[in-house]
Every structure is written in structure tokens, then in C-alpha cells.
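These values consider heavy atoms only, across backbone and side chains, with no hydrogens, waters or symmetry-generated copies.
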Amino acid sequence: MLVLTRKLGESIAIDDHIKIRVVQIKGKQVRLGIEAPKDTKIHREEVYVAIQEQNQQSASVPADKTRSVAKLLKP
Amino acid sequence: MIISTSRFGQVELKQEDVLTFPEGLLGFGDLRKFALLDDPNDEIFAWLQSCEAPQIAFPVLEPELFAPQYKATLTKSDMEALKLSAQEKARYFSIVTIPDDPTQMTANLKAPVVVNVEARTARQCVLQDNNLAIREPIFTKLQQRVVQNPAVAIKNQSSGIDVATKLNVVKEVGL
């Protein structure tokens with residue numbers, strides 16, 4: 001992993017089109033501004049972790065569970 | 001070809017039933033081959049079954065069944081990975097989680113499984129739209145759907161189930 005030190009207002013350029021700027025430093029929090037082409041996906045890492053967890057839980061559903069849901073849904 | 005599944009036993013598939021996930025699914029990056037199975041004993045869900053790991057299968061639903069306004073916007077890189085030329089040609093499936101209490105079940109709208117039916121390629125696309133939930137509660141919404149049209153099995157009310165392969169069990173799971 002590449003580790004860089006930046007001060008408030010300074011930026012990092014990734015490839016030719018992505019720029020990450022330190023916008024604010026407050027206590028233990030850093031606010032980052034990200035400039036990237038419209039097509040670039042930018043997510044907090046928690047999003048990926050939450051999706052992985054959801055996938056893991058989904059994969060443990062037994063077949064008879066989905067069948068029984070049909071009966072439950074009928075009023 | 002015949003694949004082993006922990007839920008349905010030995011299942012017979014045609015080569016064209018297999019969907020390739022070039023990057024796997026999130027958390028399951030090693031698994032590249034899946035099939036969408038239509039279980040005749042299940043009126044609601046299809047199953048995204050791994051062809052490589054018998055125990056890995058995800059119940060899936062088309063989002064239109066519980067979110068009629070659902071609109072996914074794919075990025076250019078999603079479209080390229082799926083070899084899609086037009087966004088409208090894609091089919092969407094939400095991965096569903098069913099906890100012990102099924103009324104608490106949820107669907108992932110944020111990261112649908114998107115299928116290019118013609119190329120048999122698929123990908124779990126993480127959408128940029130921040131209003132989409134990873135765990136959208138769907139029980140009451142599905143219930144409303146059942147109430148509105150009780151005569152038709154819910155999965156037959158959607159358009160994409162034709163992507164799924166009718167479950168053809170060669171040998172049942174030993175009980």
C-alpha cells in the first residue's frame with residue numbers, strides 16, 4: 001500500500017482523472033472531496049462489507065424456507 | 001451437464017443455462033458459474049445456484065415484484081463487463097435474505113444481480129444511487145402483491161423468470 005502524507009487543502013491525483021482533496025480535518029475525522037469521472041463508482045467501504053454480509057446470510061437460506069414463505073404470504 | 005446442490009440434489013443443466021460471473025459475487029469471488037433455477041415447489045423465489053459449490057445458493061426475486069418504480073442505472077464499466085449494448089436488455093434480480101422470522105425478510109436493491117440474457121453473463125452491480133437499501137423490508141409489499149392477484153403465482157407476474165431454468169432434479173437430496 002502506498003502511504004502519503006497530506007495537509008489540509010492538499011490533493012492526491014489517481015490516474016489522470018481522479019483527484020482526492022483533504023477538505024476538512026476535525027479531531028479524528030477527515031473530510032475528503034473526490035473529483036472523478038461520472039462513471040466512477042465511489043462508495044464508503046462499509047457498503048461493500050454490508051453487501052458481503054447480506055450475501056453470506058442469503059446463501060444460508062434453506063430451500064424449504066422459501067417454500068414456506070409462500071404460505072405465510074397468503075392472507 | 002449435472003451439478004450437485006445441497007438443496008435440490010443432482011440437477012441437470014444445459015450448457016446454455018449456465019451464467020458466467022467474471023468477477024464472482026461480493027464475498028464469493030471464487031465462484032464464477034451459476035444457474036438460475038426455477039423451483040416448481042416454490043411460487044415466489046428463483047434460486048441463483050452455484051455450479052461449483054453445492055451449498056451456495058441465493059434466493060432471488062425480481063425487484064419489480066415489490067418495487068414497481070425500481071430503476072437501476074448502470075455505469076459504462078458495468079455495461080462493458082456485462083457486454084451489454086443497451087441498458088434495457090438487462091434483467092435484474094435482488095438477492096433476498098430470510099431470517100428465522102420471515103416477516104423480517106429483506107432484499108438487496110443497492111446491489112442487484114444484473115444478467116445479460118443473450119451473452120449469459122452476469123454481475124452483481126453496486127449502484128451509485130444512495131436511496132437504494134441493501135436491506136429493503138419486502139414482506140408486506142409481497143403480501144400486497146399476493147392480495148392483488150391471488151390466482152397467479154407471484155413469480156409468474158414478473159417478466160424475467162424466463163431467464164431461469166426449470167429445476168430438473170436427477171437425484172433428490174437424501175433425507
* A:Leu73 CG to B:Met105 CE distance, which is reported to the nearest 0.5 Å -> 5.5 Å
* To do: Would you give the length of the straight line joining atom CG of B:Asn41 to atom CG of A:Asp64, rounded to the nearest 0.5 angstrom?
  => 11.0 Å
* Asked: Of all heavy-atom pairs between A:Asn55 and B:Phe58, which one has the smallest distance, and what is that distance?
  -> O-CE2, 3.2 Å
* To do: Identify the two heavy atoms, one from B:Gly27 and one from A:Gln56, that lie closest to each other, and give their separation to 0.1 Å.
  => O-NE2, 3.9 Å
* **Neighbour count above 12 (heavy atom, 6.0 Å) for B:Asp129 CG** => yes
* List the steps and the verdict of side-chain contact (heavy atoms from CB on, under 4.5 Å) for A:Val61 and B:Phe45. => CA-CA 12 Å; A:Val61 176; B:Phe45 299 91; over 6 Å; no
* Asked: Is B:Glu16 atom CD crowded by more than 12 heavy atoms from other residues, nucleotides or ligands, each under 6.0 Å away?
  -> yes
* Same apolar cluster: A:Leu2 and A:Ile34, side chain cutoff 4.5 Å -> yes
* Asked: For atom NZ of B:Lys76, is the number of surrounding heavy atoms from other residues, nucleotides or ligands below 6.0 Å larger than 12?
  -> no
* Structure fact -> Heaviest contributor of heavy-atom pairs below 4.5 Å to chain B, chosen from A:Lys38, A:Gln52, A:Lys41, is A:Lys41
* Asked: What heavy-atom pair brings B:Ser77 and A:Asp39 nearest, and what distance separates the two atoms?
  -> N-OD2, 3.2 Å
* **Spacing of B:Leu142 atom CG and A:Leu72 atom CG [to the nearest 0.5 Å]** => 11.5 Å
* For B:Arg135 and A:Glu53, run side-chain contact (heavy atoms from CB on, under 4.5 Å): C-alpha distance rounded to whole Å, both residues' side-chain angles, the deciding distance at 0.1 Å, then the answer. => CA-CA 11 Å; B:Arg135 293 177 186 275; A:Glu53 280 172 5; 4.2 Å; yes
* To do: Looking only at non-hydrogen atoms, find the nearest pair between B:Asp42 and A:Arg67 and report the distance.
  => OD2-N, 3.8 Å
* Taking A:Lys65 for its side chain and B:Ile98 for its backbone only, find out whether a donor-acceptor pair lies under 3.5 Å. => no
* Structure fact -> Cut-off 4.5 Å, heavy atoms of chain A, and the answer for B:Ala133 is neither
* Asked: What closest approach, in Å, do A:Ala70 and B:Ile44 show between heavy atoms, and which atom pair accounts for it?
  -> CA-CD1, 3.5 Å
* Would you indicate whether B:Lys141, at its atom NZ, is surrounded by more than 12 heavy atoms from other residues, nucleotides or ligands within a distance under 6.0 Å? => yes
* Structure fact -> Heavy atoms of A:His43 and B:Leu127 approach each other most closely as CE1-O, 3.2 Å
* What part of A:Ser68 gets closer than 4.5 Å to chain B, counting heavy atoms only: side chain, backbone, both or neither? -> neither
* Treat each ILVMFWY residue as a node, draw an edge where side-chain heavy atoms are under 4.5 Å apart, and state whether A:Val3 and A:Val22 are in one component. => no
* In the single-linkage hydrophobic clustering (I, L, V, M, F, W, Y; side-chain heavy atoms under 4.5 Å), do B:Ile138 and A:Ile51 co-cluster? -> no
* Report yes or no: does A:Gln54 contribute a side-chain atom to a donor-acceptor pair with the main-chain N or O of B:Ile95 at less than 3.5 Å? => yes
* Asked: Checking B:Val96 against chain A: side chain, backbone, both or neither under 4.5 Å from a heavy atom?
  -> backbone
* Asked: Hey, what do you get for CD1 (B:Ile134) to CD (A:Glu46), rounding to the nearest 0.5 Å?
  -> 10.0 Å
* To do: Sort B:Gln144 into side chain, backbone, both or neither according to what part of it lies under 4.5 angstrom from a heavy atom of chain A.
  => neither
* Asked: chain A heavy atoms under 4.5 Å from B:Phe8: which part of the residue, side chain, backbone, both or neither?
  -> side chain
* **Enclosure of A:Arg31 CZ (heavy-atom neighbours >12, cutoff 6.0 Å)** => no
* Does a sphere of radius 6.0 Å around CG in A:Asp15 hold more than 12 heavy atoms from other residues, nucleotides or ligands, not counting ones at 6.0 Å or beyond? -> no
* Mind ranking A:Pro62, A:Ala50, A:Ala63 by heavy-atom pairs under 4.5 Å with chain B and telling me who comes out on top? => A:Ala63
* Relative to chain B, which segment of A:Val47 carries a heavy atom at a distance below 4.5 Å: side chain, backbone, both, or neither? -> both
